[in-house]
Structures are given as C-alpha cells and as structure tokens.
Amino acid sequence: MAAMAPTVEVTEKIAVRTVQNEDIDALCDIEQKCFATDKLSKRRMRFYVTASHAEFVVATEQERILGYGLLLLRRGTQLTRLYSIAVVPEARGKGVAQSLVAELEKRALLRGKRFMRLEVSEDNSGAINLYQRLGFQQFGIYNEYYEDKSDAIRMQKVLSFPSVSEVVDVYPWYQQTTEFTCGPAALMMALAYLDKNYPMRQLSELEIWRRATTIFMTSGHGGCHPIGLALAANDAGFTAEVWVNRALPLFADGVRSQHKKDIISVVEDAFLQEATGKGVAVKHSEWKIEQVEEALLQGAAVLCLISTYAFDKQKAPHWVTVTAADERCFYIHDPDPTTFEDQAVEYQHIPVAREDFGRLASYGKRKVRTVVVIHPV
C-alpha cells in the first residue's frame with residue numbers, strides 16, 4: 001500500500017491528504033471538468049488508492065475536494081512521474097496545484113526518489129509556466145502523445161540536489177518488438193547514438209538477434225551474448241569490446257538440460273574464437289563502474305547486462321543502454337517499458353543511484369557482470 005502521510009496544512013483553509021476510496025466519485029467529477037481526453041477512469045483511480053508504486057493525494061478546503069495529484073514511482077530507480085494533476089476551475093489561482101506538487105515532492109523524497117518527471121501539452125502554456133516556476137525544466141518531447149494526437153513536452157525536476165549530467169533527449173530510444181530482443185534493441189540505440197544515420201527498425205533488430213543469440217536461455221528463445229553483440233557492432237563497422245568478470249560459458253547455469261548447456265557452450269566458444277580472429281577485444285576483469293563512466297566521457301556507447309529483480313522481482317537477464325553518468329547516478333534507456341496495469345511508467349534516461357547501479361549490473365548465481373563498449377567511428 002502507498003505510504004501514508006499526515007495531513008499537511010497549506011493555508012488556514014486548504015489541506016492536502018491521501019486519497020480515500022470515498023473520494024473517488026468527487027475525483028471523477030473533477031476529471032470530467034478538467035479534461036476533454038485522456039481521462040482517468042474510476043477503476044484506475046481505485047487501483048491507485050492502494051497501489052504500492054503510487055502516491056495519490058487530494059487538496060481540500062473545508063472538506064470540499066479542490067483537486068488531486070497522482071505520482072507513480074519506478075522500482076529500483078530514483079525516478080517518479082507526475083502522472084496526473086487536476087484542480088477544479090473555480091479553485092485555480094489559490095495555489096492548489098503548487099501545494100499538491102510540494103506534497104508529492106516530500107513523499108517522493110521519503111520514498112528515496114530524487115527525480116520527478118511529467119508530460120504537459122505543448123498548447124497548455126499556463127501549466128508549462130506553472131511547472132517552470134516550480135523548478136521543472138524541459139528535456140524532450142513526445143510526438144502525438146495524447147488521444148487527440150497533440151504533442152507533449154517532457155519536463156524534469158531534481159528534488160534535492162542538482163545533477164551535473166545534462167540528460168538530453170537526443171539519445172535515441174527504441175522499444176523491443178519481441179520479449180527476447182532486448183539486446184538488439186539496446187545495441188541499435190547505441191549505434192544510432194554514435195551514427196545518426198543508423199536505421200533502427202525491426203528487421204535490423206531480428207538480424208542482430210540471429211547474429212548474437214545463445215540459442216537457449218532459462219526458458220523460451222535464447223538471449224543475446226555480450227560477445228555476439230560486440231560482433232554485431234563490428235559487422236556494422238564499429239569498434240567494440242567486451243568487459244566480463246567470468247570465464248565462459250556465461251549462461252549455461254540458467255538451463256537445466258545438459259543438452260542445452262552443451263549447445264550454449266558450443267555457441268559461446270564459437271563467439272570467442274570469432275572475436276579473437278576479428279580483433280574484438282574480450283577483457284576478463286572485475287571492472288568497476290568508474291571505468292564505465294570514463295568510457296562514456298570518451299564518447300563511447302555502453303550496453304550493460306542487468307538483472308531485472310530490482311524492477312520486477314523476476315531475476316531475468318536484460319540488456320539496457322547506459323546513456324550518461326554523473327556524480328550521483330547512472331542513466332539508462334530500457335528497451336522494454338515497465339507497465340503497471342497497462343500504464344507505462346518511465347523508460348528513458350532512468351536515473352539509478354551509483355551504488356544501486358553496481359548491484360543492478362550483476363546477473364545470476366555466478367554474479368556475471370558484463371558490458372559491451374562501442375567506440376565512435
């Protein structure tokens with residue numbers, strides 16, 4: 001259940017508190033008054049009242065509800081998303097929206113979250129000005145984001161400390177089109193970052209998977225091997241190297257069948273032999289996150305194998321693209337958007353605290369830690 005907080009006094013008349021089930025009808029009325037499209041349904045509102053990844057608050061004046069704010073939080077990161085905020089027209093100008101945002105910021109900090117993001121229609125100049133006054137800065141745009149096909153401006157606020165890394169929206173993002181192609185999707189984002197003309201398309205995604213797959217994985221189709229991805233980058237004309245802390249095979253422990261283990265070993269050995277022949281470096285060491293940061297500073301693109309346990313408790317191997325680093329966080333593009341009840345949370349430039357990133361970048365009982373570093377042409 002979402003963390004409960006005491007009532008917070010805003011003025012002598014206005015207070016902010018946690019949403020209760022009995023508030024839902026009033027909130028639906030506010031939703032109808034404030035939005036022509038993209039409305040939250042009553043079912044969705046009831047879900048968020050008790051959702052563990054949400055903070056849902058209302059502003060009241062003499063027991064009358066004037067508005068609400070809904071904040072979503074992403075597991076395993078310092079990121080939150082101001083998903084929706086609404087104030088009844090007759091209460092605007094009283095500071096209700098500012099009070100709702102201020103309370104959600106406090107709750108985010110209590111939950112260990114340092115970043116708040118939101119989307120706002122590019123036509124809503126009043127809301128944009130408000131968010132700018134509250135300290136939000138634009139960092140990107142979503143084209144045709146709303147039901148009416150209008151664009152949304154993306155804004156972010158650092159809640160307790162400034163970030164020395166300017167997270168920009170020019171790092172391309174691609175959503176994997178199958179459940180097993182996170183590696184190709186992560187690689188395509190990296191290559192498109194290094195070469196603006198590199199095409200990110202499904203055919204390329206599938207071709208890379210065929211090039212880099214281990215054939216088998218814990219279940220279903222095989223995932224992509226770091227050396228296989230480095231070879232795919234090499235095929236595309238880039239210089240790539242692999243950093244890995246364990247001897248091959250890396251992924252045989254994830255399957256029970258001895259036959260599958262043998263196949264994986266054959267594939268991994270073939271990858272290593274080909275990499276040696278083509279001059280694709282495979283460096284065995286307990287690499288440190290500071291080395292990843294240095295590679296980023298030198299202009300390289302970095303893919304990292306993580307365990308999804310911090311995000312979804314599934315302990316699955318998953319490839320992401322590391323987009324930036326600063327003194328407190330690493331930032332990643334996740335090609336597979338995490339969803340809660342069909343509502344996407346956040347998946348671009350996800351801030352992960354440095355100490356958490358070190359733990360995130362470790363998979364399986366053997367604690368395999370591997371990255372693919374791709375250098376500019």
Side-chain angles (χ1 to χ4, degrees), residues 2-3 48 51-57 69-85 100-120 131 134-142 145 152-171 173 175 182 186 189 289 296 304 306-314 318-361:
Y48 287 126
S52 62
H53 69 290
E55 290 286 353
F56 201 4
V57 298
L70 173 60
L71 188 72
L72 302 184
L73 306 92
R74 172 148 187 171
R75 295 190 189 100
T77 77
Q78 297 194 5
L79 195 63
T80 66
R81 180 184 179 194
L82 185 57
Y83 186 72
S84 185
I85 187 168
L100 288 166
V101 171
E103 174 63 10
L104 290 173
E105 289 181 8
K106 293 177 185 177
R107 294 184 181 214
L109 289 169
L110 288 173
R111 300 276 290 265
K113 307 298 183 180
R114 306 291 188 179
F115 295 80
M116 186 178 290
R117 292 181 178 175
L118 58 86
E119 293 82 35
V120 58
Y131 293 134
L134 293 177
F136 288 85
Q137 295 181 332
Q138 180 178 348
F139 74 97
I141 191 167
Y142 279 141
Y145 179 76
I153 290 174
R154 306 190 70 200
M155 305 185 80
Q156 174 175 282
K157 181 177 182 179
V158 183
L159 301 185
S160 64
F161 50 74
S163 170
V164 299
S165 171
E166 290 199 9
V167 178
V168 293
D169 206 41
V170 295
Y171 206 115
W173 181 81
Q175 181 174 350
C182 57
M189 289 188 279
I289 62 173
L296 292 169
C304 184
I306 68 170
S307 170
T308 64
Y309 184 77
F311 295 156
D312 58 18
K313 308 302 181 184
Q314 297 299 312
H318 186 55
W319 286 101
V320 297
T321 309
V322 184
T323 60
D326 62 28
E327 63 182 5
R328 292 183 173 87
C329 293
F330 279 81
Y331 300 83
I332 62 175
H333 268 15
D334 185 347
D336 184 18
T338 299
T339 57
F340 295 93
E341 294 286 315
D342 300 323
Q343 294 291 333
V345 185
E346 185 59 86
Y347 44 86
Q348 296 183 30
H349 301 299
I350 302 167
V352 180
R354 294 177 73 96
E355 59 271 22
D356 293 333
F357 181 76
R359 292 189 291 269
L360 190 70

**OP:** Determine, stepwise, if the pair His53 / Tyr48 fulfils side chain to side chain contact (heavy atoms under 4.5 Å, CB included).
**Re:** CA-CA 8 Å; His53 69 290; Tyr48 287 126; 4.0 Å; yes

Subject >> Test log, rule side chain to side chain contact (heavy atoms under 4.5 Å, CB included), inputs Leu82 and Lys157 >> reply: CA-CA 11 Å; Leu82 185 57; Lys157 181 177 182 179; over 6 Å; no

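Nearest heavy-atom pair, Leu159 versus Ala108, reported as atom, atom and distance to 0.1 Å: CD1-CB, 3.7 Å. Between Arg354 and Asp326 the shortest heavy-atom distance is NH1-O, 2.6 Å. Across every non-hydrogen atom of His318 and Pro335, the tightest pair is NE2-CD, 4.0 Å. Between Ala325 and Tyr331 the shortest heavy-atom distance is N-CD1, 4.1 Å. Shown here for Arg74 and Ile350, the closest heavy-atom pair between the two residues is NH1-CD1, 3.2 Å. Closest approach of Cys304 and Val322 over heavy atoms only: CB-CG2, 4.0 Å.
Electrostatic pairing of Glu119 and Arg81 counts as a salt bridge here, judged by a charged N lying under 4.0 Å from a carboxylate O.
Using a 4.5 Å heavy-atom cutoff, the side chains of Cys329 and Phe115 are in contact. When side chains are defined from C-beta on, Met116 does not count as touching Gln156, because their heavy atoms never get closer than 4.5 Å. No side-chain heavy atom of Trp173 sits under 4.5 Å from any side-chain heavy atom of Thr321. With contacts defined as side-chain heavy-atom distances shorter than 4.5 Å, the pair Phe136/Val101 qualifies. Leu79 has its side chain out of reach of Lys113: every pair of non-hydrogen atoms, C-beta onward, lies at least 4.5 Å apart. In this structure, the side chains of Val320 and Phe330 stay at 4.5 Å or more apart for every pair of heavy atoms. The shortest distance between side-chain heavy atoms of Arg117 and Pro351 falls below 4.5 Å. When side chains are defined from C-beta on, Thr80 does not count as touching Arg111, because their heavy atoms never get closer than 4.5 Å.
Remark: Asp334 CG to Gln175 CD distance equals 9.5 Å, nearest 0.5 Å. Taken from CZ in Arg107 to CG in Leu109, the straight-line distance is 12.5 Å, to the nearest 0.5 Å. Note that the OG1 atom of Thr308 and the CG atom of Asp336 stand 9.0 Å from one another [nearest 0.5 Å].
Remark: of the listed residues Leu72, Leu104, Leu70, Leu70 is the sole one forming a side chain to side chain contact (heavy atoms under 4.5 Å, CB included) with Phe56. Arg154 pairs with exactly one of Gln348, Gln137, Gln138 by the side chain to side chain contact (heavy atoms under 4.5 Å, CB included) rule, that one being Gln348.
Remark: Ala353 pairs with Gln78, Glu355, Asp356 by the side-chain contact (heavy atoms from CB on, under 4.5 Å) rule, at least two apart or across chains.
A distance-only check finds a donor-acceptor pair linking the side chain of His333 to the backbone of Tyr171 [under 3.5 Å].
Side-chain contact of Thr323 with His349: a donor-acceptor pair under 3.5 Å is present, judged by distance alone.
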